[in-house]
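Only heavy atoms go into these numbers, but all of them, side chains included; no hydrogens, no water, no symmetry mates.
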Amino acid sequence: MVVPHTHWDREWYLPFQRFRAGLVRVLDDVLDAMAADPAYRFTMDGQLAAVEDYLEIRPARRGDVARFVAEGRLAVGPWLILADEFLCAGETLLRNLEYGMRGAAALGGAMPVGYLPDQFGHCAQMPQMLALAGLRRACLWRGVPAHVDRDAFDWTGADGTTIRTSYLPGGYGNAFGLFSGPAEEMPDRVTAFVSAAEGWAAGDTLLAMCGADHSAPAREITASGLRVATLAEALTGDPSGDPSGDPSGDPTCDPADGQVPRVVGELRSHARANILPGVISARVPLKQAMARAERVLTRYAEPLSALWLAGDSACERLIDMAWRSVIACSGHDSVTGCGSDETAQQVAARIAEAGQTAQAVVDLVAASLSEAAPKGSLVVVNPSPFERTGLVLADLPEDRASLVDASGRSVPAQRLEHAATLLDEAVMDDLSRLLGRVHERELYGHEIVSWHAGDGVFTVTVSRHASGAYAYEDLRRAVVEAGQGPWVVRTVAEPVVTVAALVTVPPLGRAVLTARPPEPRLPAPVANALRTDAYGFEPVLDNGLLRVRVAGDGTLSLRGADGTEVHGVGRIAHGGDAGDTYNYAPPPDDRIADRPSRVVVEEICSGPLTGAYEIMRVYDWPAGLGGDAGDETAPTAVTTRVELRAGEPFARCEITMDVRCRDHRVRWHAPLPRAAAGSYAEGQFAVVRRGLAAEGGDGGGERPIPTFPAESFAATGGLAVLLDHVTEYEIVRDEISGDGTELALTLVRSVGYLSRNRNPYRDEPAGPEVPTPAAQCQGLLTVRFAVLPYAGEWHEAGLPRLAEEFRHDLLAVPGTGAARAGHGAGDGAGDADGHGPGGGGRVAVSGDGVMMAALRERGGRLEVRLVAEHPTATEAVVRGDFTAAWTADVLGSPLSPLEVSRDDLFRDDLFRDEVFPDDGADGRGPAGYPGSWRTVRVPLTPFAIATVHLGEA
């Protein structure tokens, strides 16, 4: 069965708009062919974005597109974009499906096949994601392991969901040459195709994918005598591709013996096709920006606006704009960084805009919270669905440098630094020039508190958050009365101190703190505070959960509370890279340089809430691979800031360097406390176990290397790293024993070509040999992660929750309103601890390994996405001010109701066992408090994804 199609890269070796010009020509021809020939069919690559791109230029042809889609002749969707599945969050993949299917429905319906033609491997939870969208069939090419010897297999996701999957031997263009060449030789070409394909056939139908990159097959394809179909027709025998049936009943996938191979988990084998793993570490700043934008959008803008600004149309529109940009940038030639420099520049700009759009929503929420809290207070917001105790920074006046909570209890605090007092000094003959610098009350980013004139000096005192009466007219009058100068004009800030405060905040709620004058009292008790080294002979940080010692060579020694110990953590290794943006490849004479020429260690702060050292190591690295570089070196200072906080069992690391070398790879190494046979990595709603080697084969075309992606953490041999962006890692093996003995993280990889025609680790070019000097990633680079030793297994160490806390900081907002301390202002703002309706704290989630992927307002309800990052069955417990709950699919359609219960006792361990009295009306307790909350329990199998809607009965 012949499937005419195109594979359309929206941007790649050319930027988006230049590719779109070609798209218009191709789709003009396709639509004309469909109008002229009712037998013509066409499959638009599984992504809707290309169709939307076309209709922006040709809006008059929307009717043609909708008519052909409705007739089942033009297959669009189900994706909005063909994303790289490992370089975006799982929530982004689900929104990708949501936007794609919803947009395709507006044109007549989405293709009911999870078509994944060119992604560089496939994540472990893709079967469940497709099933949650109602898609029970997939079709793909790359990443299939060697034991798949047919063109169909059962693909089982990490949670156990199984979908029938069609494999494309030879790729998505396996029949592209079928219709090229003289017409009289067509039978011979068909015979050759059938001969090659029959060895793979699991059923009676051979799938002939007739198409290639950025082009469409000739119109004459229907005159060949072969059956022409869309991909949905080919896989289901039905133009609508009805997904409701049992995939085992698929006539094109059922083998004669009733058996097909089975594959469990992710598809990252090199055996059948190259998966181009170097894209994970190409253009690292793109990966960092993508992760930041996703976090701001998914875990701050969307949930906080749902809790505090529900129904705000501006927020809703901004969030939609941000999502569309994030999804577009997740493309397999976009965030991957394997395009031209022009393309990468545009992708970076769009990611930045997406993050800024999401931040605009956070700003709106912050302004609302700020106005509802009294001036001089600090509002701290918890983005997590469980109670958090963590550090926030606040700039406080010197005379009010302590904080108390809503109950008047002192908040543990640590003074970090003073702000400069004298902001500006200038001589003016005419003081009216001063008025030109004042905007209402603002001067140099501060607010005017007072002024004084005397002895030729006019002093203006400002504060970051001024209090008291002020009138611009009074200042103007004082300037006029001062008369002619010369005057020395000084702008002086009230003494301000930066304070780190340890704050406890309810789940998805807020805490309001008030600045008070310091009092001579014992400091507030702190659990697992940093201990002071009584002798101070060596740089040590210790909070009772983790001890960190800085060695003379700049590496770290770590010892956990369970006794797990490791030394030499943080060795920086530099080597060459003769590869390209697709594949790392070392040069033939590669020399690893890992010894610094100089080490300087400086203490930054020493507790009790936070302690940090700054470690500067200087290296003399080769400037390039040779040639023009010769023996030139590029002295490089690599600065590591290691920080340990009270109550945290992990050390935060921030590594900064000025990248000056070319064609190289820099990695961070850590020995393992115990030998490892594999690793665990979190990403895209799963924790995947990987071995120490990557599967290769004769047909893959590239050298398999055991570098893998991790999104929020990677763990092996008793050592874990918590990550803030998708990061490439490798478990380095001992050459003699074969055991994994070291973890290596790629900090930066610098290359100069999109694809090299001769890459030592790849047989064929992966694209055109286009120079990409910007992919050398020159300039300042900062990489953040955390490291911890642990005993037992990854889930016993609680790594998903630790990663949640590391990745999602508490949000601190200064109060600016006139409300009295301890009470929020505004309609439905709730109490100061954030328990009230509309004031946050409306939802809490608990359960072993249960994580919240997203929370948003949807159709007047709250929608929460849960995932069980746990190796055994668990239960999600959701509490909140709702009376009805039900599960839903990706598109928001209800699936099944959930039983909602109420605890007899108004006690909640999430709120420190506070008891809330009954209000006497219906036995619910005060409205908006945990005592009035309902509870719903959702059983979850390992790694299951559940979408739950919360509302009113």
#### Entry: Short side-chain donor-acceptor distance under 3.5 Å, Q119 and H332
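No, no side-chain donor-acceptor pair sits under 3.5 Å.
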### Task
Return yes if a side-chain donor-acceptor contact under 3.5 Å exists between S305 and E857, otherwise no.
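No, no side-chain donor-acceptor pair sits under 3.5 Å.
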Answer with yes or no after comparing the ring centroid distance for [X] and [Y] against a 6.0 Å cut-off, counting only values under it.
| X | Y | answer |
| --- | --- | --- |
| F68 | Y40 | no |
| Y115 | W79 | no |
| H5 | F42 | no |

### Message
Do R227 and V2 have side chains that approach each other closer than 4.5 Å (heavy atoms only, starting at C-beta)?
### Response
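No, their side chains stay 4.5 Å or more apart.
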#### Entry: Heavy-atom side-chain proximity of R164 to D154 below 4.5 angstrom
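R164 reaches D154 side chain to side chain.
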Would you call [X] and [Y] a salt bridge, taking side-chain N to carboxylate O under 4.0 Å as the test?
| X | Y | answer |
| --- | --- | --- |
| D320 | R324 | yes |
| R67 | D64 | yes |
| D341 | R283 | yes |

### Message
With a sphere of 6.0 Å drawn around CD of E769, does it hold more than 12 non-hydrogen atoms of other residues, nucleotides or ligands?
### Response
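Yes, the 6.0 Å shell around CD holds more than 12 heavy atoms from other groups.
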### Query
Yes or no on side-chain contact (heavy atoms from CB on, under 4.5 Å) for R865 and R856, after CA distance, side-chain angles and deciding distance?
CA-CA 9 Å; R865 188 107 63 208; R856 60 171 161 168; 4.2 Å; yes
### Task
Could you check F120, Y167, Y172 and say which one makes a ring pair (Phe, Tyr, Trp, His ring centres under 6.0 Å) with W141?
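Output: one option passes, namely Y172.
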### Task
Can you measure from CG (L276) to OG (S755) and round to the nearest 0.5 angstrom?
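Output value for this atom pair is 8.5 Å.
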### Task
Grab the two heavy atoms, one from G121 and one from F86, that are nearest each other, plus how far apart they are.
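Nearest pair, atom of G121 first, then F86: C-CE1, 3.5 Å.
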